[in-house]
Protein chains: 2
Amino acid sequence: MEGKAKQILIADDEADILEIVGYNLSKEGYEIYTAKDGNEALEKAKQLNPDLIILDIMMPKKTGVEVCQILRSQPAFQDTLIIFLTALSDESSHIKGLETGADDYVSKPISPKVLNSRVNALFRRVSNKETGKTITVGNILIDPVKFLVTINGDEIILAKKEFELLYLLASRPGRVFLRNEILSQVWGNDVIVGDRTIDVHIRKVRQKLGVDCITTVKGVGYKFEL
Amino acid sequence: MEGKAKQILIADDEADILEIVGYNLSKEGYEIYTAKDGNEALEKAKQLNPDLIILDIMMPKKTGVEVCQILRSQPAFQDTLIIFLTALSDESSHIKGLETGADDYVSKPISPKVLNSRVNALFRRVSNKETGKTITVGNILIDPVKFLVTINGDEIILAKKEFELLYLLASRPGRVFLRNEILSQVWGNDVIVGDRTIDVHIRKVRQKLGVDCITTVKGVGYKFEL
DNA sequence: CTTCCATGTTAACATTATGTTTACACAAAG
DNA sequence: CTTTGTGTAAACATAATGTTAACATGGAAG
């Protein structure tokens, strides 16, 4: 189903973190490489050209932000995914991280579960755009290539966000998506929007589809099911 | 599905690059030949008449630019695809490269992924013109050989860019083409044009066709459908 | 060599579609 | 019957595209 294993380079000066994170991600089927300071990270990045680079902000030799900047300045790493690991309180580096061109950030202390889901989400996000697989659930058909939703052959036109929202929910029918997850997947981790925004879009989708296939799970989120 | 394997000649004085690039492109199904300086590149080019030549700018004996100029002056190599490899900073040679008649350039350090996609894109771009298949959708007929569009037998004359634009969209009815894709396919990856340029051409095509067959997908791109 | 014309491109502005917030209604849970 | 979370409509803000006209440019015709 998947192509070859995605390669992930993890850079952190704490050996414990390298081990825990590496172990958990490798269980997800990724191929893990590690570096223990900024310079080593740069070196291995150029050597491997990994699919994703996880950078600790605080590192000897070069900080994660510096590494990121250097990498981003090179065409070869323009599209490489980068996630920052940051201390919870350190809000400024978070900002700087996103400005520098990171794709996501995860704050310490790190929960393997959280990191795993972020990593998966990131890959899913880019792979959807690349592969753009058509989703079929019952009589509903969602085609990201044609940017089209069909119910019993009737075409329904959704706006971009509406489409992305539906596509996300329908990608895993039955699974509940937390409001947080929806936000980061459809809106991105950087933008900040109010709570009602999701509702409104949910409503619009429900309205346009005319079929009751999005269920509210109060206090949790939404799920797609027929 | 494809014809016979495309032949690619790679010229660079660094053995590492020849090896890496050659290996990766051969995995894509291309037939690889190498040269380690300008003279050898010329020699093998004339001997093989490859489909694509990848030239390092900095080479002993003759630079890539010189090789390109010599080749382009000969009718046999008028249509041969040429890609330059260039050092990141070396902006001037980039300019010169495109002036000399290169089809694309890729800056070092080289990411195999990037190079592969550029190469594939280039072949995709020309393959349409070569095969030049007439597209028929409903009562619309698009003939790239005669450079002619017909609706219900009425001939419509489009300018070059207009035609290429329509041809691209119509080549996959229903599929949404991102603005990026349109740019790289119709304009090429090198030229830089404003956003409005696409719109204007879309408009001209719509106007001349008189039929509403190009749909806007806001925030995404355009698609062709009746 | 100049002029003219077709094409391509840009800039500026108009016109949407789309996204977001606000404010309030409503329902369920405690 | 208060609190909490969600639904809804409408107002608002924003971004994306449509449109026109003016400005290059290159090649053909004179």
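Throughout, protein chains are lettered first and strands after them, A, B, ... in sequence-line order, and every chain is numbered starting at 1.
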Review item, nucleotides 8-11 of chain C N/O atoms under 3.5 Å of protein N/O:
residue	atom	partner	partner atom	Å
C:dG8	OP1	B:K161	N	2.8
C:dT9	OP1	B:W187	NE1	3.3
C:dT9	OP2	B:W187	NE1	2.7
C:dT10	OP2	B:G194	N	2.9
C:dT10	OP2	B:T197	OG1	2.9

(message) Using OP1 and OP2 only, check whether a side-chain N or O of B:R206 sits under 4.0 Å from D:dG18.
(response) yes

(message) Expressed as a whole number of angstroms, how long is the span from A:I157:CD1 to C:dT16:P?
(response) 17 Å

(message) I want to check something: taking the side chain as every heavy atom from C-beta on, are A:Q185 and A:L165 in contact at a cut-off of under 4.5 Å?
(response) no

(message) Using side-chain heavy atoms (C-beta onward) and a distance below 4.5 Å, is A:T150 in contact with A:I156?
(response) no

(request) Identify, between A:G221 and B:V220, the residue whose nearest nucleotide on DNA chain D lies closer to the 5' end. (result) A:G221

(message) Restricting to side-chain hydrogen bond (donor to acceptor under 3.5 Å, both in side chains), what partner residues turn up for B:D195, sequence neighbours left out?
(response) none

(message) For B:V217 and B:K208, find the nucleotide of DNA chain C closest to each by heavy atoms; which residue's nucleotide sits nearer the 5' end?
(response) B:K208

(request) Rounded off to whole Å, could you give me the CZ-to-C1' distance for the A:F163 and D:dA16 pair? (result) 19 Å

(message) Is the shortest side-chain heavy-atom distance between A:V211 and A:I151 below 4.5 Å?
(response) yes

(message) Testing the 3.5 Å rule here: is there a donor-acceptor pair between the side chains of A:N116 and A:N24?
(response) no

(message) Output the rounded distance in Å from CD1 (A:I214) to C1' (D:dT6).
(response) 14 Å

(message) With a 4.5 Å cut-off on side-chain heavy atoms, are B:W187 and B:I182 touching?
(response) yes

(request) Name all residues meeting the ring pair (Phe, Tyr, Trp, His ring centres under 6.0 Å) criterion together with A:Y222; count only those two or more places apart in sequence or in a different chain, and write none if there are none. (result) none

(request) Take atom NZ of A:K218 and atom C1' of C:dG30, then tell me their distance rounded to the nearest Å. (result) 12 Å

(request) Could you tell me the separation between the CD1 atom of B:I182 and the C1' atom of D:dA16, rounded to a whole number of Å? (result) 14 Å

(request) Give the rounded distance in Å between these two atoms: NZ of B:K223 and C1' of D:dT17. (result) 16 Å

(message) Rounded to whole Å, how long is the line connecting atom CG of A:D199 with atom C1' of C:dC26?
(response) 13 Å

(message) In whole Å, I'd like the distance from the CD1 atom of B:I202 to the P atom of D:dT17.
(response) 10 Å

(message) The criterion is ring pair (Phe, Tyr, Trp, His ring centres under 6.0 Å); which residues satisfy it with A:F163, sequence neighbours excluded?
(response) A:F147

(message) Please tell me if B:T216 has a side-chain N or O lying less than 4.0 Å from either OP1 or OP2 of D:dG18.
(response) yes

Listing time: all N or O pairs from protein to nucleotides 24-29 of chain D that are below 3.5 Å?
none

(request) For D:dA16, take OP1 and OP2 only and decide whether either is under 4.0 Å from a side-chain N or O of B:Y222. (result) no

(request) If a pair satisfies salt bridge (charged side-chain N to carboxylate O under 4.0 Å, His left out) and one of its residues is in residues 197-219 of chain B, list it, with sequence neighbours excluded. (result) B:E162-B:K208, B:R179-B:D199, B:R196-B:D199

